[in-house]
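A short write-up of the structure that comes next.
Per chain, numbering begins at 1; letters A, B, ... match sequence-line order. For clarity, every value in this text was computed on a predicted model and none was experimentally measured.
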Amino acid sequence: MKLADKSCAIEDAVSRIGAGATVMLGGFGVPGTPFALIRELVRQGPTGLTIIKNDANEKGMGVDHLLAAGMVEKLIVTHIGLNARAMAMMNAGEIEVEFCAQGMLAERVRAGGAGLMGFVTDIGVGTELATGKPRLDMGGRAGVLETALRADVALVHAARADTFGNLCYAAAARNFSPLMAMAADRVIAEVEEMVKPGGIPPEEVHTPGPFVDHVVPLGTLGEEYGVVRRA
Amino acid sequence: MKLADKSCAIEDAVSRIGAGATVMLGGFGVPGTPFALIRELVRQGPTGLTIIKNDANEKGMGVDHLLAAGMVEKLIVTHIGLNARAMAMMNAGEIEVEFCAQGMLAERVRAGGAGLMGFVTDIGVGTELATGKPRLDMGGRAGVLETALRADVALVHAARADTFGNLCYAAAARNFSPLMAMAADRVIAEVEEMVKPGGIPPEEVHTPGPFVDHVVPLGTLGEEYGVVRRA
Amino acid sequence: MSDVRDRMVARAAREIAPGMVVNLGIGLPTRVIDHLAADFPVCLHTENGLSGIGPTLPFEQADRNLIDAGGAYVSTIPGSAFFDSAVSFALVRSGRLDLTMLGAFEVAQNGDLANWKIPGKFSPGAGGGIELAQKARRVVVLTTHLDRKGNPKLLEQCSLPLTAAACVNRVFTDMAVVDVAQGRFHLREIAEGLNVADVVGATGAGLVIPEGDLPRF
Amino acid sequence: MSDVRDRMVARAAREIAPGMVVNLGIGLPTRVIDHLAADFPVCLHTENGLSGIGPTLPFEQADRNLIDAGGAYVSTIPGSAFFDSAVSFALVRSGRLDLTMLGAFEVAQNGDLANWKIPGKFSPGAGGGIELAQKARRVVVLTTHLDRKGNPKLLEQCSLPLTAAACVNRVFTDMAVVDVAQGRFHLREIAEGLNVADVVGATGAGLVIPEGDLPRF
């Protein structure tokens, strides 16, 4: 037995994303955002997308390109304060925005990836965040029911991968990516360094290969991946 | 800033476990079972324990010592077929046994470790496994509500740890341990190799130190840890 | 293993398409591994936390920390990965397991499977079988056609507690290959040396028999 | 930073006991890190997946993949660990976070905290603040005593949407240290150069004043 080779050209991988698709994007700010896959998605241009991501990046980066191209119908996010365009489009009613507490977004995506239907939590109880969610008390404690999230496609950025799709993330670039890489019908990873199977010790794998469908090797990283110099 | 030193003598660590405690034990068969901590627990002898573990080990090993010493009131497990004593005690009504589907035990422990109250799943629907569980339909799909599990103490075996309690597990000895190490008020890890903080690359940590309370270095491993030669 | 059982296992191995992620249950299914070529692309999964199982090892070469869910000492291959039990079953439940091969006490013509409990006799717990049966994209059963007392295992209805309802797609036995579809058993192939009447007589439910010659294994 | 704010941050840093796991929110709380000695045992946590935060780095030395939840470039220390967002919040919700320090728009005398939304003006999303406020074992707030318009931030009731209900244990301001207990604000310490009447006048709710001299910071 050997393991399948899932390496794939970026155009082919992204061409699986059709209009109206729900797309998960890894990343928390810059680290982990799959900028190259997002650029290719913008080039191919499917519209009416629902984007699930921690944040909306910043002006001129990542999710902002999708917003500028008018490809986004809905965002499911935890915080968009660093992207003025996202805030403006939300306030103008041009996009729908669903906010989640950050750990709740993580758990909803994980529940989808774990094949669960939902979970019960006391997070948000007693605040407007619980509004509209089914109340569910357990053992005398007040809780609400949160639903699992799944996507048609998840796009993630990995520091290292083998051709079978075992992924390793660098430092804080891990964040939502291992969760999203379990929660989509099709998972596409862009990869800084590609190795042969066996190049990653089996104990050090962050996302096991069976969850991943396509592995896209990156050339030189664009400017977006670099350190952001703020005032 | 530096990180706290949590190394601890085995007697002191285990002395925190009182009569009537709920104790999670890592391990799936031999790999990951914390045999040394279990032996010390038998020596100290608290009774009326509820044990949460994948299995009941085999005769003369691990959980079997707790059963033989009459310390166990209840087992929450997925499979006890390899331990004739556990089967006999269950059939004689000397211990209570709660069976879970294996992935459901993993998720119930994980839910406890993630501070959730429970989750909704379709696993077991349509079979006797769903009997007695609250029915909860979501989006037209039939589900049941599973409750989170937490413990007073979790005992796990790690291949390598630093003094702050960052843990690495070897091969298939990982199994339930990272989940249990999040789900107990007190977490005690027995460790084959102890290193200084910095001795484990931060990307390779399996259980982050903040979850762990006591790290117990092991000397030479006992026979129980070895390869089991079956007929 | 008898010759016909070996042919049955070899036939079942052909059920695996290139690139699949497959879980082989304890017992007969595990033997399928012996029929997979070294260059055949397949990822074997075991519930206790490994994708990319390699060949089983003798005790002398075993790694004490490297077993499969049945307790056999196994090995890794280039590209193997270890993970915890929650991730392992996330893989099963979220649709990443293309195929599982399981043993059976009973299979019903609607696909119900019973393979974990005989009330009053055998109830060691279900382990990971429930989720494999309920959630693998395709579930095939490897079993003898008759139980040890000579009674059929393929039935109109299961009498034992179910592992999962309406989950089985195909059954490989020492007598036949039988599909489960539209609430009926469908005979697809017959073991060498047997005829249709042998299979019909050993089956505890109606069997849809296609016209013409059936393939042999 | 003004002298009194620096003293307030230094005072808040003394809130951290050896061995604690602590999350420092964006803004003033992050400055607490400058007041922790190199040999002080404390584990700083950030929501985006790191335990054991080390000193903030200038852009020239920054690792592009190593930021805290506020986007600052940070470093690791010996014993740091990276993890995913689910594990990061598992740590918060399951009681492993001993202390969090947060900013505030409003704090009510029952411990209600509002710090994420001003309807119609500012609603960028709550990020990780909800779970920090609701689940850390101890929640302290670092804030100016008055808002930019000179209105009190310590109130009988919050007017803004809550981050979490009845969660705040203690408030550090540029005027005082105030505890929240039994539904009341309790004055504990006063900034150098102020008197009790100054604090009472700047507080939008009743303040329990202990007898005798109050400590200064």
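- Side-chain contact between D:Y73 and A:V228 is present, with at least one heavy-atom pair separated by less than 4.5 Å.
- In this structure a side-chain-to-backbone donor-acceptor pair under 3.5 Å is present from D:Q134 to A:G124.
- Under the 3.5 Å distance criterion, the side-chain polar atoms of D:E131 are matched with a main-chain donor or acceptor of A:G103.
- In terms of heavy-atom pairs under 4.5 Å with chain A, the best-connected choice from D:G129, D:S123, D:S88, D:A164 is D:S123.
- Using a 4.5 Å cut-off between heavy atoms, D:A69 touches chain A through backbone and side chain atoms alike.
- Interface residue D:F89: only side-chain heavy atoms are found under 4.5 Å from chain A.
- Checked for salt-bridge contact, D:R93 and A:E107 meet the test: a charged N lies under 4.0 Å from a carboxylate O.
- Contact annotation: the side chain of A:S177 never approaches that of D:D84 to less than 4.5 Å [non-hydrogen atoms, C-beta and beyond].
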**Check against side-chain contact (heavy atoms from CB on, under 4.5 Å), A:D122 and D:K135** = CA-CA 10 Å; A:D122 61 352; D:K135 289 297 184 179; 2.7 Å; yes
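- With a 4.5 Å cut-off on non-hydrogen atoms, A:N54 does not touch chain D at all.
- Residue A:I80 touches chain D through both its backbone and its side chain, counting heavy-atom pairs closer than 4.5 Å.
- Neither the backbone nor the side chain of D:F122 comes within less than 4.5 Å of any heavy atom of chain A.
- Residue with the most contacts toward chain D among A:R110, A:M90, A:H206, A:E128: A:E128 (heavy-atom pairs, distance under 4.5 Å).
- Contact check on D:R64 versus A:E223 returns no salt bridge, with no Lys/Arg side-chain nitrogen under 4.0 Å from an Asp/Glu carboxylate oxygen.
- Residues D:L66 and A:P31 have side chains not in contact (no heavy-atom distance under 4.5 Å, counting atoms from C-beta outward).
- For the pair A:T127 and D:T163, the minimum side-chain heavy-atom distance is 4.5 Å or more.
- With a threshold of 4.5 angstrom between heavy atoms, D:A62 approaches chain A through its backbone and through its side chain.
- Contact record, D:A165 with A:G126: CB-O, 4.4 Å, taken as the closest heavy-atom pair.
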**Request:** Just do the side-chain contact (heavy atoms from CB on, under 4.5 Å) check on D:I67 and A:V30 with the steps written out, would you?
**Result:** CA-CA 9 Å; D:I67 62 172; A:V30 168; over 6 Å; no
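- Contact annotation for A:L129: only side-chain heavy atoms (C-beta onward) come within less than 4.5 Å of a heavy atom of chain D.
- Proximity to chain D (any heavy atom under 4.5 Å) is restricted, for A:L221, to the side chain, taken from C-beta onward.
- At least one side-chain heavy atom of A:M87 sits less than 4.5 Å from a side-chain heavy atom of D:P124.
- Within a 6.0 Å sphere centred on CD of D:Q182, heavy atoms belonging to other residues, nucleotides or ligands number 12 at most.
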